[in-house]
Student: 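Once you've had a glance at the structure underneath, I'll fire off some questions.
Numbers restart at 1 for each chain; the letters A, B, ... are given by sequence-line order, proteins then strands. Because only heavy atoms are used, hydrogens play no part in the values below, and waters and symmetry mates are left out as well, while side chains stay in.
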Amino acid sequence: MADLINLTIDGVALAVPKGMLIVDAAKTIEKDIPVFCYHPKLKPVGLCRMCLVEVGTPKIDPATKQIVKDEAGATVIAWQPKLTTACTTPVSEGMSVRTQSKPVIDAREDVLEFLLTSHPLDCPVCDKGGECPLQNLTLAHGPAVSRYDYADKQHNDKHAPLGDLMFIDRERCIQCARCIRFQDDIADDHVLQFHNRGRAEEVITFSTPGFDSYFGGNTSDICPVGALTTADFRFKGRPWELKTAASVCGHCAVGCNTALNTRLNTRTGVREIKRVMPRQNEQVNEIWLCDKGRYGHHFTHAANRLTHPLIRKDGALQEATWESALQLISDKLKTVPGQKVVGVIGDRLATEDAWLFGRLMTDVIGAAPAFVSPRTASAYADVARAAGLGADADFKALGKGDVIVVVNGDVEEQAPVWFLRLRQAVVDRGAKLIVAHHRSTKMHRYAAGIARFAPGAAAQWVAGQPAELAALKDARNAVIVFGDEKLSGHNARALAQSLAHALAEAGHADKPNSGLVPLYPHGNTQGVCDAVDPSRGAMPESADVAWLAGVGDPADAPRAGFTIVSELFLTPLAAAADVVLPAAAPAEREGSYTSGDLRAQRFWPAHPAHGESRPDWWAFQEVARRMGKDWSFGGPEAIFAALAAAHPAYNGLSYAGLAAVKPQWPMVGRAEVNFGGTVYDNTAGLGARTARVPVGGAAEAPVEPTLADLTRPEPALYRAGDLIRHSAVLAGRLV
Amino acid sequence: MAKHLLLRDLDIPNIREIEVYQANDGYAAWHKAVTTMKGEDVLGIVKDAGLRGRGGAGFPAGLKWSFIPKDVFPKYVVVNGDESEPGTFKDHQLIRGNPHQVIEGTALCAFAIGSNLAYIYLRGEFSEPGKALEKALDEAYAKGMLGKNLFGTNYSLDIRVHYGAGAYICGEESALLESLEGRIGQPRLKPPFPATNGLYNKPTVINNVETLANVPLIVHNGAAWYKAMGTEKSTGVKLFSVSGHVKNPGNYELELGKFSIQDLLDMAGGSSTGRPIKAVLPAGSSSPIIPAANFGAKLDYESMGTIGSVLGSCSFIFMDDSVNMVWAARKMIRFFKHESCGKCTPCREGTNWALKLYNKMLSGEGGKADIDLIADVNKQIIGKCFCPLGEFATSSMTFTLKHFKQDYIDFVEKKMGGSPEFLAELARDAHATHGGH
């Protein structure tokens, strides 16, 4: 337990941890000290002067060095002659703070009036209007009448692009530097800076492309005015018109908690996603999102989404009813032997879809266990499940004495928000970082130790018991993050096994905050592999029937006499199929994902499904029923319950449990928009860690990489995939 | 007149050349210190001498040096030669006329705290004194006064010159450090202070040029010799930059506490216009203006405090009774508005607003309500700024309103605004104002 400091704020006695700032201490007793430049996630700078308070400390007799008491025996407080910024002053024993006295209230009004002299009165057309700290604090502390001559207002550029993803309104900017400080202190992309001075001071970007950062969208959230607006959301709606659904980002293995803001398009009658916002989960994404997660939502409303089932007739796919498609599939499956059916499921589907798909293949059809695409990741998910992070693991708890090893992974490209959090563990809290890769990554900047190996030789490097891994021995906790770049499934599994072995050797196998963290390609690779327990052998060259559910890579599809494809779009695989089933997008349905650090998290529908598209689990159940299986799952909750009963990693978990919340610190979120920005607080659920499950089998030796392994492109956040290429806003960034 | 201790270029021709400087005891203290003394001995002498910082704040130099932690390396000495206070030109003359004394003082400070690298930060406009300083540094290196293993000891010292980009705020020590590190010149949050977290986050002593120019004399002649000059709390000699309506503007080197403001005015030949002197700004635009009635005050840190002003950087700008204080205050506010770094709200927005109000006065559109508004805006800035610059900006308003309120009232009642001179000045300023609106 940290040392507690006793102090009094407006007469209320409280005890808070040593080192806490006055502004945060006041927050613990729900006293709001207004701020603009202060943000609980950023280092304090004290420049906006909005948080001025009166501070006093116990009066010390200079002669006796004793605290002076009055006649009544109470400590005499020596009040500082000047007001003090609550955001830069840590609490001290016996401190007394006044946040509501006349000098303090006057100071707030003074500073606010100053800010407004240069701020335009364009709230009615400002994207921030309705969720704007300056607007709110003006209502609370601002003058009713402007004493500043309106003709003296300066006029600056109102639509200046800071790169292609962010715009700045230079009139609205109040020079709080939150954006610059976020980029410097959190993202470590030093692409923003102040230019010029005094009243002419303005935020500029000097990177090419402008504002070159994967995390720029967060600056719009923490901007306390409407100065920074995203290219995605600006002019798209007013905050009060938006409805919100809790969701989980599926673009990478982090599983960032999101809030999907939707607005009714009155012309089409369709509710559409207007923006993706972070939802606070301090153990997952804190209050951040990467720009792919923020802007990569447009596929949901893409014009070329599949709207109806399609059946091949006379050589061409033609629109059909669900009834005819499902009947055709079940009739076909009844006529072929089970072992001639191959199921392949992509790692973007929900865990519930995967579990039902797996049961459909093995229990209903009698086929071999389904394959999971991509094959490489599915080759080691069971190893990651066995050696993953413990139940209470939190990157935020990593610091001095802990060791983080990144092997063959590019954390910023593959799991951007983990990059932010692991970087802070190293840079701000002193964890030791070792990076081993065949090329340089951004993570190398913070490494205490760097190892190099030949491309594709990660497992061989570990097998050679490199000196760099000796640091694991003395570590308090050890987290190993690894990727499968340039590796075959076999070699990736060998890598995972050897890393798990290294952890166990060093005594970290059962520690709660230690373990393996795989950089999976998508948000539910772990969940799909858990649910399906995939086949790891070679895929049959041909089959009578193949069912491809959300499979992106044509290499993961066997040739089959009859191919069923469940998809969002008419992909090349779907175009060649015999039956195509239109799937509902994640934003249109319920489900759960299990992240790379083994956290199961729920997502909720934000709007009705597109056309006649239906959730995948529903189609799987309907086919099973037509084949005589008496499944009657009412929805994902019931499926999850069945999975939880059957799968040791999920034993004891339930949808109700995943929806549980507990207070998050710092207190940000909607009620605290003035303090933490426009991030959403988490009322829908923090999810829950799933359990480690031991894995059998001997360690496999790595083999020489093949040319195919070595020529696979390296991971890049904006690699143009089936989903993000529908986001026009990201067009300039795709690789 | 007594011989100068700092402005020795006035007494000794060509003292800017190292041979001449050395022939006049130059670098003797430096040689003695490096070869026979310990750093703490040098520090002890300076502390004992009671030398106070000459940059404006008057903080005891030896005490400042003693805050440097012993076991953190590297440590730095940074010499503040930004000299950006309007009316201040003493460092300019020291650097240009007597550069080796500045270098020797810097070296002694570095030796005292155990630093091996010192930077002399000059304002960007100091190209001429900068050249003199760089030439002197070259000579010092050539003569073995600077560089590796000095005088055969294992002590090494390098001194480098850095030019700022011309910002008033960079005279503030933490903004100076930011600028020196290559960043935008804005002050840092304190604490931590430069003594522990200064240049490149390492222990750093920052002293004014003039402060360090005293050090060779103190080390050479001893603390007792130095303390014999000045008063108990304001020891030694001080340079005064005198300008404005005086016959003989320039730098004057005076013993502290021995002379009054009137004495200084007399030394400078009195009023140059024949009109009576109305007031003086004792430390440039940042200082509380002193009406002529208080000219009896002695020139030392304490006495200036008793008349509600400061000794500061000792740039005395005398103004005769033709100066209207509304005009003068506007001049200064315009300066501060232009020089505000923009970091904190009250200074950035307050000076901008205040200038607009003064412009309104000069243009003839101001009324009595605007005088009250100026006072209000001024009050709103006071005590809320991030750094002293913002607070300095209020002096011109606070003290012209305090001592010369009648000037404001006359300005409105006699409709002095809107005169062709004022309108021309406003037009000129609007044209010349770069980097602002």
Student: Taking B:K356 first and then A:D149, would you say they form a salt bridge - that is, a charged N and a carboxylate O separated by under 4.0 Å?
Tutor: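 Salt bridge between B:K356 and A:D149, a charged N being under 4.0 Å from a carboxylate O: no.
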Student: Charged N to carboxylate O under 4.0 angstrom, A:K158 versus A:E171?
Tutor: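 Salt bridge flag = yes for A:E171 with A:K158.
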Student: Quick check for you: among A:T117, A:D152, A:D110, A:L115, which has the greatest number of heavy-atom pairs under 4.5 Å with chain B?
Tutor: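 Looking at each option in turn, the highest pair count goes to A:D110.
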Student: Looking at A:R197 and B:E339, does any basic side-chain N land under 4.0 Å from a carboxylate oxygen?
Tutor: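 Result for this pair is yes, salt bridge flagged.
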Student: Taking every non-hydrogen pair under 4.5 Å, which of A:E109, A:M50, A:H195, A:Q175 racks up the most with chain B?
Tutor: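 Option with the greatest count: A:Q175.
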Student: For the pair B:F422 and B:F411, evaluate ring-ring contact (aromatic ring centres under 6.0 Å, His included) and give the outcome as yes or no after the intermediate values.
Tutor: CA-CA 12 Å; B:F422 286 153; B:F411 207 93; 5.5 Å; yes
Student: Count the heavy atoms of every other residue, nucleotide or ligand shown that sit under 6.0 Å from NZ of B:K415, and state whether that count exceeds 12.
Tutor: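 Not buried by this count: 12 neighbours or fewer within 6.0 Å.
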Student: Do A:H119 and A:R172 come within less than 4.5 Å of each other through their side chains, counting heavy atoms only?
Tutor: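 Result yes, sub-4.5 Å side-chain heavy-atom pair found.
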Student: What residues of residues 176-200 of chain B make heavy-atom contacts with chain A at a cutoff under 4.5 angstrom?
Tutor: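 Heavy-atom contacts from residues 176-200 of chain B to chain A are B:I184, B:Q186, B:L189.
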Student: Among residues 369-388 of chain B, which ones touch chain A with a heavy-atom distance under 4.5 Å?
Tutor: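 The list, in residue order, reads B:L373, B:D376, B:V377, B:Q380, B:I381, B:G383, B:K384, B:C385, B:F386.
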Student: Does the plane of the ring in A:F675 sit parallel, tilted or perpendicular to the ring in A:Y38? Use 30° and 60° as the thresholds.
Tutor: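 Tilted, since the angle between the ring planes falls between 30° and 60°.
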Student: Relative to chain B, which segment of A:P81 carries a heavy atom at a distance below 4.5 Å: side chain, backbone, both, or neither?
Tutor: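 No part of A:P81 comes within 4.5 Å of chain B.
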Student: Tell me, side chain or backbone of A:V45 under 4.5 Å from chain B's heavy atoms, or both, or neither?
Tutor: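 The answer is the backbone of A:V45.
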Student: Looking at A:R147 and A:E113, is any side-chain nitrogen of the basic one under 4.0 Å from a carboxylate oxygen of the acidic one?
Tutor: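 Salt bridge between A:E113 and A:R147, a charged N being under 4.0 Å from a carboxylate O: yes.
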Student: Run B:D429 and B:R334 through salt bridge (charged side-chain N to carboxylate O under 4.0 Å, His left out) and show every step you take.
Tutor: CA-CA 9 Å; B:D429 285 354; B:R334 178 174 173 270; 3.4 Å; yes
Student: Taking the side chain as every heavy atom from C-beta outward, state whether A:V673 and A:N136 have any atom pair closer than 4.5 Å.
Tutor: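 Result yes, sub-4.5 Å side-chain heavy-atom pair found.
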Student: Between A:L52 and chain B, which part of the residue has a heavy atom less than 4.5 Å away: side chain, backbone, both or neither?
Tutor: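 It is the side chain, since no backbone atom gets that close.
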Student: Parallel, tilted or perpendicular, judged at 30° and 60°: which one describes the rings of B:W353 and A:Y148?
Tutor: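 Ring orientation, 0 to 90° scale: perpendicular.
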Student: Of all of A:L83, A:T84, A:T88, which one pairs up most often with chain B through heavy atoms under 4.5 Å apart?
Tutor: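 When all of A:L83, A:T84, A:T88 are compared, A:T88 has the most.
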Student: Between A:R181 and A:D185, does at least one N-O distance fall below 4.0 Å, as a salt bridge requires?
Tutor: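 Salt bridge: no.
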